[in-house]
Each structure stands twice: as structure tokens, then as C-alpha cells.
Amino acid sequence: MGYIEGHSRDQMLLLPASVDDYVAADNPVRFIAAFVDDLDLDELGFGRSRPKATGRPGYDPADLLKLYLYGYLNRVRSSRCLAAETARNLEVIWLLGGLRPDFRTIADFRRANRAAFKPLFRSFVLLCRRLDLFGRELVAVDGTRLKAVNSRKRNFTRQKLAGWIKLADERIEEYLARLDLADRAEAEAEGAARRAAVLTAKIARMRERRELHSAMLADLVASGESQMSLTDPDARGMATQPKVGVGYNAQVAVDARHKLIVEQYVTNSGSDLGFLAQTASAAREVLGVEQIDAVADKGYYKGEDIAACEDVGVIPYVVRPQRGPAINEGYFAKDEFRYDAREDRYTCPGGQRLDPYSRSQKNGHVTIRYANMRACRDCALKPQCASGTRRSIDRWENEAVLERMAERLDARPDIIDRRRETVEHPFGTIKQWMNQGAFLMRGLANVNAEFSLTALAYNLRRAINILGIPALLRAVQA
Ligand code: SF4
């Protein structure tokens with residue numbers, strides 16, 4: 001039995017009469033075209049949205065934007081690959097009407113319009129809101145680290161540079177000592193001159209490298225930064241993510257109903273601390289609600305940030321991390337000391353009262369320390385409680401905010417699981433399915449543009465799965 005065979009390449013075929021016949025009614029490209037055509041690109045900040053009256057005509061930004069949306073939706077992100085698609089991909093040929101911009105034009109469009117991609121992302125979020133795709137009750141906030149175009153070798157911290165300078169000094173000293181020995185050896189000794197020449201060259205190279213590292217350290221100190229990256233100056237070493245190495249931190253707020261991203265942006269901070277109120281309040285605004293619950297992991301546990309949430313209509317849920325010397329040593333945790341707000345005192349696990357005895361302030365953060373030296377002195381529980389003469393408990397002056405949050409968490413233990421289910425979906429999809437664990441561009445503004453496109457493509461894919469293309473088309477054509 002033979003195989004199924006294709007046509008001969010020379011055979012004349014009756015192909016469909018138009019490109020449109022190749023694109024099914026429920027093909028996502030139809031929605032991409034309709035969505036972009038419905039946008040006011042000028043208002044969103046895209047340049048050259050109105051054609052110039054004079055000069056050589058350029059490409060319509062709407063066409064280039066359609067190409068990018070198609071590319072991000074289909075795991076084609078580089079300008080060269082997108083340019084190749086314009087010549088061989090029938091969906092792209094349909095989308096662009098046969099236009100074939102070169103890769104430079106495509107790359108320049110993304111770079112020149114980088115500030116417009118965030119408003120573009122918001123436009124789609126607003127469309128999803130019109131389509132009632134958001135629950136608008138709970139958002140999960142989280143951050144993920146994505147690789148930058150900067151290798152680990154080209155990232156330097158002050159510590160790393162100081163270490164290398166010290167190492168160079170040691171090596172130079174060692175080479176000089178060996179050179180001295182070689183000089184003292186009989187000049188005629190076999191190979192002495194050659195060894196001396198090798199050592200001299202090594203010393204010169206080491207001095208050159210030392211000078212370079214010293215200059216870099218001086219620049220770093222003068223800039224007030226803790227590290228520098230040579231390929232992408234905005235990228236930072238992500239200490240908690242060794243696999244990422246040097247990269248960025250993408251923050252998202254995801255609505256719990258359909259796991260759609262409501263708010264997103266990229267920072268170069270290695271930590272999530274301090275980003276909860278900012279991210280959740282932006283999500284609340286876009287969702288158009290007075291108040292919203294926001295859940296995040298322990299990495300967001302920062303008193304001031306949690307207090308700020310309450311001021312901007314966000315009800316935070318963040319589990320207190322078990323950290324500090326008492327936890328490390330295996331002593332009673334702070335949670336085991338009960339606070340009485342009326343009396344302003346703690347009751348310890350031994351049933352003793354701990355009263356305020358000192359107050360300190362650091363960077364505006366006021367802390368009150370509670371203790372009871374007399375009770376601790378003779379306490380039988382001290383081996384489980386403290387290593388010194390007494391146990392003290394520090395209380396932030398606004399700690400009532402954290403206690404209210406702990407009560408809310410006790411009342412809704414399921415919310416922690418909902419956080420995981422909600423945020424893992426977009427991050428998993430973006431990194432695995434969309435293959436976007438690394439940025440292609442350099443600079444914070446550029447990677448923000450890239451991530452806006454990534455998040456928009458993720459939302460687009462979700463909305464297509466939930467509603468289907470015909471419903472989405474009706475929504476933009478209404
Ligand atoms: S050591 Fe002090 S704080 Fe700890 S249980 Fe005993 S009395 Fe209470």
C-alpha cells in the first residue's frame with residue numbers, strides 16, 4: 001500500500017479566490033484586526049497615527065500593532081521572525097493585507113511606541129470588564145523574575161568588585177615575589193628569562209583589570225547604586241532566583257474569577273516588598289470598584305505597605321512570615337504572645353504581662369518594645385523563650401493594621417489557596433506555553449512595553465478560550 005501523496009508542485013490548482021477564504025470565521029486574527037481597528041491609537045499614544053500630508057508614506061501603526069499582537073499570541077516575538085511571517089504566513093498576509101515591513105521597521109515601531117503598550121493593555125482590560133469577565137471582588141498580587149539580556153558575568157555588585165580588587169592585589173603580590181626570585185636566580189639559568197617575561201605580562205594584565213574594577217567600583221559608589229549591569233544597565237541581579245540570574249521583576253494583579261491579568265508592570269527590584277498597595281490599587285481603579293480584596297504571599301509582608309492598602313480601598317490578605325531571631329532559635333513565636341489593646345500590654349505564654357519599656361524610631365518606623373524582666377528572671381519556660389535574661393516583644397505603632405489582617409485571614413483560610421490557583425495560571429502560561437521566561441529588549445521602559453504585550457496576549461488567549469471569537473467580535477463591532 002502506498003502513502004497519502006500531495007500534489008505535484010507543477011500541477012495547476014483551483015485555489016480559493018481570495019486570501020479571506022483561507023481565514024476561518026473564528027480565526028483569532030479576525031478579532032485582532034477588529035480590536036485594533038476599534039482603538040484610538042492617537043489617544044493611546046502611538047506615534048504617526050495620522051498620516052503626514054507630505055513625504056514618503058510610512059506604515060500605518062495599526063498594521064504594525066496587529067502584527068505584534070499576532071506575534072505575541074503565537075510565540076513569535078522577535079522582529080526578524082515577525083518579518084519572516086509576513087511573507088509566508090497566510091494569517092499574517094490576511095492581517096496585513098500583504099504588507100511586508102522589514103525587521104528594522106518592526107523593531108523600531110515597538111521601541112518608538114513603548115509608552116503606548118500599557119494603555120493598550122488597559123484598553124483590553126476595559127473591554128473584558130465590559131464583557132463581565134472580572135469577578136471584581138478579589139485580586140491576587142504576585143511577582144515573577146524574568147531574565148534580562150545581561151549575563152551574570154556582566155553584572156557587578158560592590159562586594160563582587162571589592163573581592164576582585166582584593167584578589168588582584170594578592171595575585172600581583174604573588175607574581176612580584178616570584179619575579180623577584182627569578183631575578184635573583186642566575187640569569188643564564190635555563191628558561192629564567194622566559195619565566196620573567198611571562199610573569200611581567202601577567203602582572204601587567206592583572207594591574208589593568210584591577211584598574212578597570214577600581215574605576216567601576218568608584219562609579220558604583222558615586223551613583224549610590226548597589227550593583228551595575230554592563231549589557232542592560234537597568235537589569236539587576238535577582239538574588240532569590242539563581243536560575244534567572246540577572247533580570248527584572250514583573251508584578252501582576254490577577255482577578256480571581258477567570259485568572260485574567262488586571263494590572264501589570266516591571267520593576268528592577270529584587271524583592272516584592274512594598275509593591276502590594278501600588279499594584280492592587282491600580283487594579284481596583286481599572287476594575288471600577290470602591291473596594292477590593294487583595295491576597296499576596298509572604299514576600300509582600302511590609303507593615304507600611306499593608307497600612308497603605310487600607311487607605312486606597314484595598315483590603316489586604318498577606319500571611320505573616322515566620323522570621324526573626326526567636327524563630328531561628330526555636331523559641332516561642334510572637335504570635336504566641338497575646339496583645340491587649342485596652343491595657344496596651346502583652347501576655348506571654350507563661351501568663352505574665354509584658355509592659356512597654358522603650359520606644360525607637362528608624363526611617364519613620366516607630367517601634368515599642370515590651371518586656372517584664374522580673375518575671376523572666378525566675379521563669380521555668382525561659383529555655384523555650386529567650387537566650388538572655390529576658391524576652392522582649394517589638395510592636396510597630398500601627399500593628400493593629402496587621403492584627404486586623406490576621407483576623408481576616410483566620411476567618412478566610414481558603415483565600416491562601418485561591419491566591420496560588422489564581423496567580424500560578426498566568427505565570428505558568430507565560431513562562432511555559434508562551435515561552436516568555438526572558439526579555440528580548442534592554443532597559444526598563446522597553447521591557448515594560450514587552451511585558452504589556454505579553455500580558456495582553458495572555459488575556460487575549462484567556463478571553464478567546466472563555467468567550468470564543470464570535471462573541472469577542474460582536475463586542476468590538478457593537
Ligand atoms: S521567659 Fe519571660 S516572656 Fe518568656 S514565658 Fe517566661 S516570663 Fe514569659
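Read the numbers this way: they start at 1 and go in the same order the structure lists the ligands and their atoms. Just so you know, residue 1 is the first one in the sequence shown, and it goes up from there.
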- Query: Do the numbers put R412 on top of the ring of Y317, so that NZ or CZ is under 6.0 Å from the six-membered ring centre and no more than 45° off the axis?
  - Reply: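 Satisfied, under 6.0 Å and within 45°.
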- Message: Show me which atoms of ligand 1 lie under 4.0 Å from any heavy atom of C348.
- Response: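 By the 4.0 Å cutoff, the relevant atoms are 3 (S), 5 (S), 7 (S), 8 (Fe).
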- How far apart are the C-alpha atoms of E211 and R207, what are their side-chain angles, what is the distance that settles it, and do they pass the salt bridge (charged side-chain N to carboxylate O under 4.0 Å, His left out) test? CA-CA 6 Å; E211 238 169 72; R207 280 190 173 140; over 6 Å; no
- Query: Quick one: nearest non-hydrogen protein atom to atom 4 (Fe) of ligand 1, plus distance?
  - Reply: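 Among all protein heavy atoms, the one nearest atom 4 (Fe) of ligand 1 is C385 SG, 2.4 Å.
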- Item | Heavy-atom nearest neighbour in the protein, as seen from atom 2 (Fe) of ligand 1, with distance rounded to 0.1 Å |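 Going by distance alone, atom 2 (Fe) of ligand 1 is nearest to C376 SG, 2.4 Å.
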- Task: From the options F337, Y370, F332, select the one residue that forms a ring pair (Phe, Tyr, Trp, His ring centres under 6.0 Å) with Y346.
- Result: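 Output: one option passes, namely Y370.
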- Task: Please state whether the separation between atom 6 (Fe) of ligand 1 and some N/O/S atom of C379 is under 2.8 Å?
- Result: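 Looking at C379, which is the residue asked about, there is an N, O or S atom under 2.8 Å from atom 6 (Fe) of ligand 1.
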- Given side chains that start at C-beta, do those of Y175 and R171 come closer than 4.5 Å, heavy atoms only?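 Sidechains of R171 and Y175: in contact.
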